[in-house]
Amino acid sequence: MQQPVFKLLAVALMLFIHCEVAIAQLLLQPGDPPKQPDIPVFYRGTLMDIEQAIAKLQRGEVAQIATSPGGLPVYAVYYGEKEGFKGQANYNSAVAAQNPAFYARKGADTKPVVYFIGPVHGQEAEGIVGLVNLLEIAETGKDLRGKAWPELGEFFHKSRVIILPTGNPDGRRRVPYDTFVGLPEETMTKYGQGTKKDGTLWRWPHAKALHPMQGDVGILGAYFNDDGINIMHDEFFAPMADETKAIMKIALEEVPDITVSLHSCSCTPFVIQNAHAPHFMKRRIDDFARQLNNRLISLGLPNRGSNWSLKVAPEDEQFPPRSSFNLVSALHHASGTMAFTFESPHGTIEDGTSYEQILDIQLTLYEEIFRYVMAERLLWE
Ligand SMILES: [Zn+2]
């Protein structure tokens with residue numbers, strides 16, 4: 001439930017963000033394709049859409065967990081009572097004592113905890129669309145198309161759920177398009193990873209070669225907050241971004257059983273392995289990834305084909321190293337959570353995914369996450 005003052009502030013902030021977004025929309029450059037005129041009403045992936053979803057929450061409790069360098073709020077929405085877990089040590093000390101229960105006692109009498117981290121890369125708004133629809137399902141049982149998701153709705157009664165609609169509002173605000181559905185991948189790359197001063201594109205993965213992204217910057221890519229920090233690759237032992245600190249703090253305090261960091265590319269959907277998690281956890285992530293892929297196949301949604309699986313082999317034998325200790329690795333080692341990255345299609349010309357399919361992929365992912373945690377939960381006793 002919310003206080004009237006909070007609602008007033010939310011409306012004022014909405015107007016402010018609306019103006020800011022209007023300014024950003026003026027920033028289309030000569031040669032950029034025009035914005036899509038026909039985005040469906042259920043496809044809500046902007047900061048304004050997050051504000052509107054939050055303003056009408058009845059069941060979920062909202063908190064502002066950080067303020068971005070650009071002055072924007074980062075929100076978390078909570079469902080279900082928080083368990084005490086009776087911890088007496090931090091996670092890595094508890095592991096050194098050979099039982100994570102010293103960090104958190106998670107018996108069968110406790111509810112599982114599920115942590116959804118919305119896009120930390122501002123151009124990857126498909127996760128916002130999914131989470132805004134998930135909030136609607138948590139509140140009403142139906143998505144914004146009016147489609148009922150009874151199983152998803154029921155999970156909210158059996159779990160503690162934390163939803164961050166976006167982890168990087170600064171980056172989101174800088175994107176002049178509400179979505180990249182039907183646009184060239186090149187346009188997404190220009191605004192996603194940004195450009196150098198001479199107008200050439202930074203591209204993936206070279207956009208990670210300069211961090212913080214400061215100096216040779218024409219368009220600052222939506223990968224970054226307004227300070228040029230890529231939250232996926234922050235300095236986790238001394239975080240530079242308040243957004244990162246807030247994301248990590250929730251993991252430490254909430255002890256999620258499962259955590260997903262939502263991303264997108266011009267691709268079919270897939271889970272990325274957590275390169276620096278222990279092998280037992282990599283096997284779980286591979287099991288989950290194949291289960292999700294099989295479900296996408298059975299639903300006729302974009303998928304990776306029936307022979308696809310993740311590597312569980314030790315990537316740390318490679319030199320030079322290629323698999324970074326990133327946000328999901330840090331989340332696992334801080335809290336024991338089964339943390340992984342999910343990549344959704346953007347709907348670009350190259351990946352050809354539709355608005356409907358993108359929303360179905362997101363909601364199917366969420367349903368599979370809940371199913372997995374209910375069936376395969378690790379108890380710490
Ligand atoms: Zn990403």
Side-chain angles (χ1 to χ4, degrees), residues 45-47 50 68 74 115-131 164-175 177-181 183 185-195 201-213 219-234 236 240-241 243-244 247-248 259-276 285 289 292 302 304 310 322-331 339-348 350-351 353 358 361-362 365-366:
T46 67
L47 295 181
I50 294 172
S68 71
V74 181
Y115 187 13
F116 294 98
I117 302 174
V120 295
H121 294 153
Q123 82 280 18
E124 298 169 5
E126 295 69 28
I128 299 179
V129 173
L131 293 176
L164 270 62
T166 174
N168 176 11
D170 284 359
R172 185 75 198 114
R173 180 167 64 178
R174 260 185 273 110
V175 180
Y177 295 94
D178 288 353
T179 158
F180 288 99
V181 172
L183 296 180
E185 182 181 350
E186 191 78 351
T187 306
M188 183 275 296
T189 303
K190 175 178 171 181
Y191 289 103
Q193 282 85 38
T195 70
L201 274 55
W202 271 100
R203 300 187 183 279
W204 180 94
H206 192 57
K208 304 180 184 194
L210 176 64
H211 195 214
M213 178 56 80
I219 294 170
L220 178 61
Y223 249 33
F224 308 94
N225 72 9
D226 281 3
D227 283 343
I229 306 299
N230 179 348
I231 292 158
M232 203 63 187
H233 296 292
D234 203 334
F236 297 104
M240 297 180 273
E243 299 92 318
T244 312
I247 289 169
M248 295 301 300
T259 301
V260 62
S261 171
L262 296 173
H263 292 255
S264 308
C265 51
S266 259
C267 53
T268 49
F270 67 110
V271 169
I272 297 183
Q273 185 57 277
N274 186 333
H276 293 275
I285 293 168
L292 172 64
R304 292 259 141 180
L310 293 180
R322 287 172 166 227
S323 304
S324 66
F325 185 96
N326 62 11
L327 177 65
V328 292
S329 316
L331 287 162
F340 56 86
T341 301
F342 175 75
E343 297 278 354
S344 159
H346 277 297
T348 57
E350 285 80 357
D351 73 63
T353 313
I358 290 171
I361 288 166
Q362 289 288 328
L365 165 72
Y366 309 159

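Side-chain atoms are counted along with the backbone in the values below, which use heavy atoms only and exclude waters and symmetry mates. We number each residue from 1, following the sequence as shown. Indexing begins at 1, ligand by ligand and atom by atom, following the structure's order. Predicted, not measured: the structure shown is a model, and the values here were computed from it.
- With a cut-off of 2.8 Å, the protein N/O/S atoms near the Zn ion (ligand 1) add up to 4.
- Note on ring orientation: taking the six-membered ring where Trp is involved, the planes of Phe325 and His276 are tilted (angle from 30° to 60°).
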Exercise. Taking it one step at a time, do Leu164 and Phe116 satisfy side chain to side chain contact (heavy atoms under 4.5 Å, CB included)?
Worked result: CA-CA 6 Å; Leu164 270 62; Phe116 294 98; over 6 Å; no
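- Below 30°, between 30° and 60°, or above 60°: for His211 and Phe224 the angle between ring planes is between 30° and 60°, a tilted geometry.
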For this session: Given side chain to side chain contact (heavy atoms under 4.5 Å, CB included), test Val175 with Phe180 step by step and report yes or no.
Result: CA-CA 10 Å; Val175 180; Phe180 288 99; 3.8 Å; yes
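- Residues forming a side-chain hydrogen bond (donor to acceptor under 3.5 Å, both in side chains) with Asp227 (at least two apart in sequence, or on another chain): none.
- Proximity of a side-chain donor or acceptor of Asp234 to a complementary backbone N or O of Phe236 within less than 3.5 Å is not detected.
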